[in-house]
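As a basis for the values below, the full set of heavy atoms in this structure was taken, side chains included, without hydrogen atoms, waters or symmetry mates. Just so we're clear, the structure is a prediction, and the values are computed from it rather than from any experiment. Each chain gets a letter, A, B and so on, in the order the sequences are listed, and its residues count up from 1.
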Amino acid sequence: MSSGSGSRNAEPWGSFDDNLIQGGGSAVIDMENMDDTSGSSFEDMGEMHQRMKEEEEVAAEAAATEDDVADDGEFLGMKGLKGQLGRQVADEVWQAGKRQASKAFNLYANIDILRPYFDVEPVQVRNRLIESLIPVRMINFPQKIAGELYGPLMLVFTLVAILLHGMKTSGTVIREGTLMGTAIGTCFGYWLGVSAFIYFLAYLVNAQITMLQMLSLLGYGLFGPCIVLLVTYNIHFHFLFYGLWLLLGGLSTLRMVAALLSRTVGQTPRLLLCGTLGLLHMLFLLYLHFNYHTIVEGLLDSLEGHNMAPMQRVARDVPEVTLNATARNPGMLLSAY
Amino acid sequence: MAASEEASRPFAGLSDVSISEDIPVEGDISVPVGPSRRDDEFSTLDEPVKDTIMRDLRAVGNKFIHVLYPKRSSALLRDWDLWGPLLLCVTLALLLQGGAADHEDQGGPQFAEVFVIVWFGSIIITLNSKLLGGTISFFQSLCVLGYCIMPLTVAMVVCRIVLVISSGRVVFAVRLAVVTASFGWSTFASTAFLADSQPPNRKALVVYPVFLFYFVIAWMILTYSPQQ
């Protein structure tokens with residue numbers, strides 16, 4: 001194969017010859033000279049775009065510094081040598097710093113990497129939201145999981161807002177930290193942490209799912225809990241919560257579980273993966289409801305007045321004799337001093 | 001002279017680039033804007049401080065007026081600045097501080113909470129709109145979102161005044177109406193500026209996070225109750 005390609009010198013597109021020569025003449029096409037990005041073409045485009053922009057910037061800055069130097073030369077007689085040198089040095093320091101900063105920024109803060117995951121239409125988002133509550137029965141072929149991040153991100157933020165509302169209404173007092181921090185930490189921690197954990201388990205049992213798909217699946221699976229919490233933070237009936245927990249929470253869990261089942265082979269892996277996900281998801285909804293809800297319940301009961309149990313004040317065990325004696329004879333108490 | 005004749009015909013004689021040393025070649029290729037820009041810089045440095053402050057204040061005030069009457073103008077976008085958002089954010093945070101009973105240990109965090117919500121919320125909305133293909137720049141978007149908090153700040157002031165007078169169900173209804181109106185106004189004003197920079201079929205995707213952002217702030221204002 002490689003010996004055959006070595007004789008093809010007349011290819012217009014730069015044949016395998018170049019690679020072979022660079023690779024030191026090895027028999028196999030040298031993989032090091034191929035792209036070493038992870039294989040997605042948009043990342044290549046991103047890198048090429050970056051390199052082109054950097055070249056442009058460097059050329060523009062070189063031209064700018066040349067212009068500046070030319071201008072400084074004109075002013076030499078007027079401003080004096082010291083001022084001109086100082087300004088030039090300052091300019092060069094600024095240019096160098098700017099170049100470094102923009103290189104670092106382009107490398108780490110390049111949001112173009114995330115751009116394909118936000119390429120959605122509103123209709124698609126709406127459809128996916130509704131579908132997240134409809135489990136699909138097909139578990140013999142891998143189900144299609146959309147790989148987008150807009151919907152999940154918006155759902156997590158919505159959950160944060162609903163949680164804030166619940167915490168404020170229930171008068172939760174957070175000693176170490178803030179309400180906002182707790183809400184954001186809980187929701188994002190759940191989404192990112194559980195996704196990573198299930199992805200890790202899926203990697204162990206060789207299930208066919210990528211991290212992006214897991215993030216997307218779990219993110220959309222938060223739609224059911226969002227609705228449940230929105231309703232039950234405002235209408236406080238226990239049975240309503242349990243019913244909605246089973247219905248909406250169960251449906252969204254079943255949808256996620258079915259998607260995972262369709263991508264896993266073997267009974268034990270399926271049980272492990274789907275059992276873990278189901279348990280975590282249902283328990284999370286339970287936790288969110290009960291952690292920020294009990295205080296409201298107590299307040300409501302005390303307002304109603306029927307069963308005073310949650311907010312009832314229990315009298316301390318003070319011996320009645322001493323108390324009454326002291327209360328009856330304050331004069332005796334005073335004269336003791 | 002031969003050299004000047006060649007120079008007068010554009011791109012002529014490029015095949016023969018070398019110039020003999022006894023013919024002086026002079027010219028001014030630099031764009032004449034440079035020196036005048038330098039003069040401008042020096043003139044703003046030398047002006048009295050009052051002028052600088054008044055110019056900035058006038059710019060901020062101008063933008064406030066644009067938020068009050070949101071129409072499709074580019075004044076907010078063209079010369080963005082972050083003074084207005086900072087002022088509004090600090091005012092809102094100070095007014096929201098010290099709310100709700102027995103929260104002595106939460107007086108500090110509430111200020112920080114509002115700051116964090118406003119600034120990180122704005123950053124996230126900006127990133128989202130850029131990722132969805134928006135043409136607006138990062139700081140322009142921050143500027144717009146910050147300035148559009150103004151109706152909510154006004155609502156907070158009104159709520160605070162009303163709560164000083166009395167507190168009850170009627171007052172709650174009044175506060176609800178005021179906060180809802182200002183929340184709608186904020187969302188409408190910011191979408192008037194932000195949505196134009198998006199492709200037409202994706203406006204809803206950009207508007208929703210803005211809606212959520214102002215909803216959270218409006219909720220914080222509505223649930224504010226003064227210390228008893």
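- A heavy-atom distance below 4.5 Å is found between the side chains of A:Y150 and B:L205.
- Residue-environment remark: CH2 (B:W119) exceeds the threshold of 12 foreign heavy atoms within 6.0 Å.
- Considering only heavy atoms from C-beta on, B:F120 stays 4.5 Å or farther from A:I184 through its side chain.
- To the nearest 0.5 angstrom, B:L131 atom CG is 9.5 Å from A:L153 atom CG.
- Contact annotation for A:V120: both backbone and side-chain heavy atoms come within less than 4.5 Å of a heavy atom of chain B.
- Note that the CZ atom of B:F215 and the NE2 atom of A:H165 stand 7.5 Å from one another [nearest 0.5 Å].
- Residues A:L114 and B:K130 form no side-chain contact, since every pair of their non-hydrogen atoms from C-beta on lies 4.5 Å or further apart.
- Nearest heavy atoms, A:M154 versus B:P209: SD-CG, 3.5 Å.
- At least one side-chain heavy atom of B:Y208 sits under 4.5 Å from a side-chain heavy atom of A:T158.
- Heavy atoms of B:K203 lying under 4.5 Å from chain A are absent altogether.
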